[in-house]
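Computed over heavy atoms, backbone and side chain alike; hydrogens, waters and symmetry mates excluded. Each chain gets a letter, A, B and so on, in the order the sequences are listed, and its residues count up from 1.
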Protein chains: 2
Amino acid sequence: MDSIQARAAPPAAAPLVERRLLHEEVIDRLRDMIVQGELAPGSKLNERVLCERLGISRTPLREAIKYLASEGLVELLPNRGAMVAPLESETVQEIFAVLGSLEALAGELVCRNASDADIAEIRALHYQMVAHHARGELAQYFRYNQQIHIRLVECAGNATLAQIYRGLNAHVRRARYMANLSHERWDKAVKEHEEILDALSARDSKRLQSLLRDHLANKLVLVMEALNANEPRTKTG
Amino acid sequence: MDSIQARAAPPAAAPLVERRLLHEEVIDRLRDMIVQGELAPGSKLNERVLCERLGISRTPLREAIKYLASEGLVELLPNRGAMVAPLESETVQEIFAVLGSLEALAGELVCRNASDADIAEIRALHYQMVAHHARGELAQYFRYNQQIHIRLVECAGNATLAQIYRGLNAHVRRARYMANLSHERWDKAVKEHEEILDALSARDSKRLQSLLRDHLANKLVLVMEALNANEPRTKTG
DNA sequence: CAATAATTTTTTGTATGCAAAATTCAGAAA
DNA sequence: TTTCTGAATTTTGCATACAAAAAATTATTG
């Protein structure tokens, strides 16, 4: 029983870091399970099963589910519980349209507001990513790739923007679009990142916006391919 | 005891409209109370008090609070419950920056995707609004004003965009920025709406975007004034 | 055998109970 | 008075209990 548990240990001392609340722990844990694909899009969330898996009671689980429903990762089915939000190609296209707007805004703001240290940090992430690309380590590459985009938006200095961006990004990430990435396209994506980093370093807002837009368009193609590969069935199925 | 109650009436027949779930009812009810200012920004949400007021138990209330926390209208305080999200001028400015991007996108999409019926509906709302302006009915004017903006974004045909827009809009609306609207500014706002309607009718995307941006900028000024009027105290207080 | 009806089982929605944490408040010390 | 201190009270977080709804299973009929 090495699962999450409430009030297990006696108070050793004043906890330096606030003890995390169970339902918050569960929010993060569930979100991870959904984004990582452990809980597949469209699959039903059985409370009993999840409670056993997480070692908690239904109350914090249900609270976490409500939170994620508002985030859009979960859909509530009245009297029938909840399911992982399906990954419809239509919704994905909608999300990309919004992401485009948000990245454009982020591109403008980050050039104006990011500190040199911020940009240095993004550069460091970039070189990590390039190294993983050179070694053909796709999963690690993907991880740093994500981090770069997230960090770029965060460094724009608009927390509201960053939060919305992260939420939409999580939704799309479930498509596992990196799985079938050709060498050619991979190389191209890295090249695009080089240019993005250049524009950011020069704080060339217009160029950065344009590069981000093109990069996102290419990513959309990837995502749609992944989607069509996994669920080519129409609604008649 | 005419409050919301669970499973009160015996099944008269198959309910034509799905019986709403208690926690969903509470989500809407709480959101209204927050946006209407019945629950002030920064005020603590006492579960006992709210349960009594709504005539429900703590479980659905807490679930609703979690939902609204993800929406951003409520902030969770570990081991101390929750409070209505404060209305910081910094956050408001962030939100307006994002709203600007979203309205720009909406302006583009609505010109491309809205049906003539959609535009006719917005025009009808516009004339209702104008009538209330002529009669000096501020509250009603405000209501239609809101509806026009919401409907415009909805008619862009991107549900994700519309949902995010509504959420951010709700947050800002709490500022009650219409309260101290001068006659001069009111007239100007209506003029701006006339132009917006014109551009929409002509499906002139660029002009519409430009008009929406200016209109939003003016609104930001109003909101900031309302904010400074109500909480001019600095963080030292 | 298929199709429907009746029954059992499971699952969900809500209320309630209990313990930990936070808050309040009375009284003592400075 | 103001400022601690510590018990009483309130409030929160989580678990559990119970009833309604849905799903699965069995029984029944054509």
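Atoms CD (A:E63) and C1' (C:dT14) sit 13 Å apart, rounded to a whole Å. Spacing between atom CG of B:L21 and atom P of D:dA21 amounts to 11 Å, rounded to whole angstrom units. Between the CD1 atom of A:I65 and the C1' atom of C:dT11 there is a distance of 12 Å, rounded to whole Å. Protein atom CD of A:E47 is 17 Å distant from nucleotide atom P of D:dA21, rounded to whole Å. Following rounding to the nearest Å, A:E52 (CD) and C:dT10 (C1') show an atom-to-atom distance of 13 Å. Atom-to-atom, CG of A:L22 to C1' of D:dA15 comes out at 10 Å; the value is rounded to the nearest Å. We find that CG of B:L50 is positioned 9 Å from P of D:dT12, with the value rounded to whole Å. Taking atom CG of residue B:L61 and atom P of nucleotide C:dT16, one finds them 14 Å apart after rounding to whole Å.
B:R80 has no side-chain polar atom (N or O) that falls below the 4.0 Å cut-off from OP1 or OP2 of D:dT12. Contact annotation: B:R62 side-chain N/O to D:dG13 OP1/OP2 distance is under 4.0 Å. For B:N46, a side-chain nitrogen or oxygen approaches OP1 or OP2 of D:dT11 to under 4.0 Å.
Taking a cutoff of 4.0 Å between a charged side-chain nitrogen and a carboxylate oxygen, A:R166 and A:E71 do not qualify as a salt bridge. A salt bridge is defined here as a Lys NZ or Arg NE, NH1 or NH2 lying under 4.0 Å from an Asp or Glu carboxylate O, and A:R29 with A:D32 fails to meet this definition.
Out of C:dT14, D:dT16, C:dG17, the shortest distance to the side chain of B:T59 is found at C:dT14. Comparing C:dT11, C:dG13, C:dA15 against the side chain of B:S57 picks out C:dA15 as the nearest. The side chain of B:H23 lies closest to C:dT14, out of D:dG13, C:dT14, D:dT11. For A:K44, the listed nucleotide lying nearest its side chain is C:dT12; candidates were C:dT12, D:dT12, D:dT11.
Of the possible donor and acceptor atoms, one in the side chain of B:K44 sits under 3.5 Å from a partner among the backbone N and O of B:R80.
Backbone-only engagement by A:L45 is indicated by non-hydrogen atom pairs under 4.0 Å involving sugar-phosphate atoms exclusively. In this structure, A:R58 reaches the bases: a heavy-atom distance under 4.0 Å links it to at least one base atom across the strands shown.
In the model, A:Y165 has a side-chain atom that pairs as donor or acceptor with a side-chain atom of A:E103 under 3.5 Å.
Aromatic ring pairs are classed by plane angle as parallel below 30°, tilted from 30° to 60° and perpendicular above 60°; the pair B:H126 and B:H193 is parallel.
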